[in-house]
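Because the structure is a prediction, the values reported are computed rather than measured. Both backbone and side-chain heavy atoms feed into the values below; hydrogens, waters and symmetry mates do not. Positions are given from 1, in the same order as the sequence printed here.
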Amino acid sequence: MARIQLFLACLPCALGATAQQVYPTNWWAGMKHSSLQVMIHSPGIGDRAKVTVAYPGVRLTEFHRVSNPNYLFVRLQLGPTVKPGNIPIRISHPGSAATVIRYPLLARRTGNGVSYAQGVTSADLIYFLMPDRFSNGDPDNDRVAGLRDQSLNRDSIFL
């Protein structure tokens, strides 16, 4: 029993060490531009990687391995009838088990920005007033001993 508890306690640490970072973190079905590039970051993820995607309405057009083996770029083409869900991006490396990243494809809100967008209101604006000149209350402190610029003349707008 103690071994099982130790295993369960160490499991989140082990999973966190191999977790992938994916950018963008998700996308939406039915967007105007149907081409999507996903960046995956994980130690050694791009080293001799092969990528496959099997999801209805999604086609893998290409993937790029770059000089840094910790990055992999995957380009997907989303069809016009693709449904929201988790796109399985399968990454395999020679001699090791494949990694499957479930990339979220979300449903867009209805209304196309009309029913939920409120536009700009006075609550979105800040008025900031900062005068560029001040009254010279004490001309005796205009020139400080030891400073190079001793040519201050507040009567001229150009100096």
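- Cluster annotation: V74 is not connected to V66 through the hydrophobic network of ILVMFWY side chains, with a link wherever side-chain heavy atoms come within less than 4.5 Å.
- A single hydrophobic cluster is not seen to contain both V100 and L72; linkage of ILVMFWY side chains at heavy-atom distances under 4.5 Å, directly or through other members, places them apart.
- Chaining together hydrophobic side chains whose heavy atoms lie under 4.5 Å apart leaves I126 on its own.
- One distance of note links NZ of K50 with CD1 of I91; it measures 13.0 Å at 0.5 Å rounding.
- Among all heavy-atom pairs drawn from A29 and V82, the shortest one is CB-O, 3.7 Å.
- Among residue pairs with one or both ends in residues 72-95, none qualify as ring pair (Phe, Tyr, Trp, His ring centres under 6.0 Å); sequence neighbours excluded.
- Linking Ile, Leu, Val, Met, Phe, Trp and Tyr whenever their side-chain heavy atoms come within less than 4.5 Å puts M31 and V53 in one cluster.
- The structure places CD1 of I101 at 7.5 Å from OG of S42, a figure rounded to the nearest 0.5 Å.
- Taking CD1 of I89 as the reference point, atom OG1 of T52 lies at 10.0 Å (rounded to 0.5 Å).
- Here the closest heavy-atom approach between residue R65 and residue G46 is recorded as CD-O, 2.9 Å.
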Side-chain donor-acceptor pairs of residues 55-63 under 3.5 Å, sequence neighbours excluded:
residue, atom, partner, partner atom, Å
Y55, OH, K83, O, 2.9
Y55, OH, P84, O, 3.3
Y55, OH, G85, N, 3.4
T61, OG1, R75, O, 3.1
E62, OE1, H64, NE2, 3.4
E62, OE2, R75, NE, 3.4

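- With rounding to the nearest 0.5 angstrom, the CD1 atom of I45 is 12.5 Å from the OH atom of Y71.
- Expressed to the nearest 0.5 Å, how far NE2 of H41 lies from OH of Y23 amounts to 15.0 Å.
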Would V51 and R90 count as a side-chain contact (heavy atoms from CB on, under 4.5 Å) if you check the C-alpha gap in whole Å, the side-chain angles of each, and the deciding distance to 0.1 Å? CA-CA 6 Å; V51 180; R90 186 175 192 272; over 6 Å; no
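- Taking CG of L76 as the start and CG of L36 as the end, the distance is 5.5 Å to the nearest 0.5 Å.
- When atom types are taken as modelled, the side chain of D47 and the backbone of G44 share no donor-acceptor pair closer than 3.5 angstrom.
- Heavy-atom minimum distance, N70 versus P43: OD1-CA, 3.3 Å.
- A pairwise comparison of heavy atoms in Y103 and W27 identifies OH-N, 3.8 Å as the closest pair.
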Would you sort out whether L78 and L105 count as a side-chain contact (heavy atoms from CB on, under 4.5 Å), showing the intermediate values? CA-CA 10 Å; L78 306 178; L105 186 63; 4.1 Å; yes
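- The heavy-atom pair separating S35 from Q77 by the smallest distance is CB-OE1, 3.8 Å.
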